[in-house]
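Written below as structure tokens is the structure these notes are about.
Whatever order the structure lists them in is the order used to number ligands and atoms, beginning at 1.
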Amino acid sequence: MDTKRLISIVVPAYNEEEALPLFYEQLRAVLDELSDSYEIIFVNDGSSDKTAEILDRLTAENPAVHALHFSRNFGHQAALSAGLRHAKGEYTISMDADGQHPPKLIPEMIRLADSGYDIVLTQRVEKETKSSFKKWSSETFYKILNKVSDTQTLPGGADFRLMNRESLNALISLPEFHRFLRGMVSWIGFRSVILPFEVPERLAGKTKYSLKKMVRLASDAVFSFSMLPLYIGLSAGALFFVLALVEVVYVLSFWISGNSASLAPGWSSLMFMLLIIGAVLMVIMGFIGVYIGYIFQEVKHRPVYILRSSPVERPAEDKSSGTQYPE
Ligand code: UDP
Ligand code: MG
């Protein structure tokens, strides 16, 4: 009887034609050494390069490799969610397709899980020489997030982690549309341990996390895990109320002492107050707007991603009729 455990590896990939074959080699070398059996679930997040073809080749040559194909680019967090949902293993490990989450850590992660941890988190320790915008923005982001949020998220945490069946089932049961998985994993609790690792260079290709995608992830994190922006509104309102009361008392004191003639008309101070109050109101309205937007998207109950059955080849563009296919 085969008593081997199943380890699932979940890998989102978006336009990773260059890095993917190299990463697969690295991963195979580690997995083949394990005494457990494994499955690798690649999630093709609507790639427009040769990622789909490479995955087809890998699935054909290795029955342990599976590929899910999205109907368009839904983003890293959606791709992770899809892969995690399909994983059948006793332990499931999620990692990037570009080699920045080194497969050689896998045996250590499994060992930690075997020693009784439900979740093995990893933490990036960047080389000192690396003073990139990414590093700075990530540090600032975690500082702010952990200040404003009730759920504490590990600074420098990566979406490179092992979850056992029980904790993964808990994560999968969270149905929200706006997904910041690092926060969600911390929210569900369980016993976790942190494994630090040095981030290697990308195997090939360029980062697929554009500034726009980073900003979207950050706002998903803040607005799904914090009510603080709304409370900022409340406290600003309270502050202005107190200021107004002070002003009333101040003006009344002139009237009571019969000194009302000395109340000078103050255009600039009035303007200043108007502008400040206007600005604060608008910022607060903005915060409320964002929350309403989030609520709106949640109540629509749209799925987080849509799969398509096969990575259909694009039909050749028909020059004669002038048809074109969108990117
Ligand atoms: N990725 C994805 N969908 C996206 C963007 C990225 O599936 O819309 C994948 C990408 O292929 C990689 C992982 O997410 O496997 C991390 O992305 P990347 O390495 O570009 O981010 P960085 O390491 O630069 O933060
Ligand atoms: Mg990367």
Which residue and atom name correspond to the protein heavy atom nearest atom 18 (P) of ligand 1, and how close is it? Arg202 NH2, 3.5 Å
Check for me whether the distance between the ring centres of Phe42 and His66 falls short of 6.0 Å. no
Could you tell me the residue and atom name of the protein heavy atom closest to atom 23 (O) of ligand 1, and the distance to it rounded to 0.1 Å? Gln100 OE1, 2.8 Å
Enumerate the residue pairs fulfilling ring pair (Phe, Tyr, Trp, His ring centres under 6.0 Å) with a member in residues 6-26, sequence neighbours excluded, ordered by first and then second residue. none
Indicate yes or no: does Arg111 engage Glu108 in a salt bridge with an N to O separation below 4.0 Å. yes
Would you call Arg124 and Glu198 a salt bridge, using N to O less than 4.0 angstrom? no
For ligand 1, does Asn73 get within less than 4.0 Å through its side chain, its backbone, both, or neither, judged by non-hydrogen atoms? side chain
Which one holds for Lys206 and ligand 1: side chain close, backbone close, both close, or neither close, with close meaning a heavy atom under 4.0 Å? neither
If you look only at pairs with a residue in residues 83-98, which of them pass as a salt bridge (charged side-chain N to carboxylate O under 4.0 Å, His left out), with sequence neighbours excluded? Asp98-Arg202
heavy-atom search around atom 25 (O) of ligand 1 in the protein gives Lys134 NZ, 3.2 Å
For atom 19 (O) of ligand 1, closest protein heavy-atom neighbour: Asp98 OD2, 2.6 Å
If you measure from each non-hydrogen atom of Glu16 to ligand 1, which part falls under 4.0 Å: side chain, backbone, both or neither? side chain
My understanding is that we take every heavy atom of each candidate and find the minimum distance to atom 13 (C) of ligand 1. Doing that for Thr207, Asp96, Asn44, which one comes out nearest? Asp96
For atom 8 (O) of ligand 1, which of Lys213, Arg216, Arg124 has the closest heavy atom? Lys213
Asp220 and Arg179 ion-paired at < 4.0 Å: no
For atom 3 (N) of ligand 1, what's the nearest protein heavy atom and its distance? Asp45 OD2, 2.6 Å
When you look at OH of Tyr231, are more than 12 heavy atoms from neighbouring residues, nucleotides or ligands closer to it than 6.0 Å? no
Selected option - heavy-atom contact closest to atom 2 (C) of ligand 1, from Phe23, Tyr14, Phe42, Tyr209: Tyr14
Nearest neighbour in protein (non-hydrogen) for atom 6 (C) of ligand 1: Lys208 CB, 3.7 Å
Numbered atoms of ligand 1 (with element) below 4.0 Å of Ala97, judged on heavy atoms: 15 (O)
Side-chain (Asn73) to main-chain (Ser47) donor-acceptor, under 3.5 angstrom: no
For atom 14 (O) of ligand 1, what is the nearest protein heavy atom, given as residue, atom name and distance? His76 CD2, 3.1 Å
Test: Arg72 cationic atom under 6.0 Å from Phe70 six-membered ring centre, within 45° of axis: no
Starting from the Mg ion (ligand 2), count all protein N, O or S atoms within a radius below 2.8 Å. 2
For the pair Ser226 (side chain) and Leu228 (backbone), establish whether a donor and an acceptor sit closer than 3.5 Å, ignoring hydrogens and angles. yes
With Phe160, which residues qualify under ring pair (Phe, Tyr, Trp, His ring centres under 6.0 Å), at least two apart? His101, Phe197
Donor-acceptor contact below 3.5 Å, side chain Asp45 vs main chain Gly75: yes
Lys4 and Asp36 ion-paired at < 4.0 Å: no
